[in-house]
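Everything below concerns the one structure shown next.
Letters A, B, ... mirror the listed sequences (proteins, then strands); counts begin at 1.
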Amino acid sequence: MKCRRCKAPALIDVRRHNAAFCADCFVRHCQEQVRRAIDGFDMIQPGERVLIAVSGGKDSLGAWELLVDLGYETDGLYLGLGIGEYSDSSGRYAREFAAARGLKLLEVDIPGEYGFDIQTAAATVRRPPCGACGLSKRHLFNQAALEGGYDVVATGHNLDDEAAVLFGNVLRWDAEYLGRQYPVLPAAPGFVRKVKPLVRLSEREMAAYCVMRGIDYIVEECPMAEGNRHLAYKEALNTLEQKSPGAKANFLFSFLERGHERFVADAETERGELTPCTVCGSPTTGEVCAFCRMGERVRGRDGA
Amino acid sequence: MPGPVRVARLLETLGINPETVLVIRNNTLVTHDERLEEPDTIEIRPVISGG
């Protein structure tokens, strides 16, 4: 196979684009897709400070590299989730990536600073581990961005992640979540803008990008994620993709172009009035925000 | 597995969806039409994450 652009021997084929690329042209392809996503969805304005959520995995480290390549002022934030050896190892990858490139990496250790780990929190509040993890990440990334004066939080959610979330939302016809699903969540009082610059790149493209750029990332899956619904949705979508290349991208981008707008009112209706959390000050619909409530329950402060 | 064999055929034989992996030969990525030979060391690296 030859590179579609320069005709050199190709290293990666991307069936969705009916194309193959050599290393240099593939890196340019990834940069172009991120540029197109950022500009197309008005994600980041020139001069804005970006905080990227990094896990030590291919998507977040690849996204950080791509944002830096494109000239954005970007610092990283790594959350220690307290998931044993997996957290120890993923933290090492994030630190080594930042150190090798002279980038600034902020760290928050949840067990050290909040007195609980994700597994214990999930068991206490009877949520799946990924639910407790997502809640913690959303809260702490937003809080760190506000405290650090960042304009935007970027995450490494890729095309496969977004298509899988959409698949789940459609299976349940969850109008509120469908109204919220978009590659940009605008800033609101107490909330920093959130963006997903990898929305036009698949998981396979991101893994290939990391290999070609020599980015060392944690290949092992989070042990808490094993058997979760998100993985089942991805498997179903990849079965379709194999039969019909481009199916995932069509599913997601057709929704974003023609479906999303129809659900926006549902998302707005569901959002109640927000007041500051009495513990941390974050906007919440209750007296205490969900993250602080979870922490209090794990530490046994509310008698649960 | 005995070679030579093309990457696409190898993945098919192993029942692996090509969308879900990278195939790496001697630390270099290979496309699905590449022919793998007997002495090659092959890594089939999963790319799907559950987060």
Check whether any side-chain heavy atom of A:Arg200 sits under 4.5 Å from a side-chain heavy atom of A:Pro183, and report yes or no. no
Does a donor on one side chain sit under 3.5 Å from an acceptor on the other, for A:Tyr78 and A:Ser90? yes
Lys/Arg-Asp/Glu bridge criterion (N-O < 4.0 Å) met for A:Arg95, A:Glu107: yes
Salt bridge between A:Glu32 and A:Arg5, side-chain N to carboxylate O under 4.0 Å? yes
Checking heavy atoms, do the side chain of [X], its backbone, both or neither come under 4.5 Å from chain B?
X	value
A:Tyr217	side chain
A:Lys248	side chain
A:Asp59	side chain

Toward chain A, the part of B:Val21 with a non-hydrogen atom under 4.5 Å: backbone
Quick one: sort the A:Phe116 and A:Phe291 rings into parallel, tilted or perpendicular, breaks at 30° and 60°. tilted
If you count heavy-atom pairs within less than 4.5 Å of chain B, which of A:Ala164, A:Ala10, A:Ala208 leads? A:Ala208
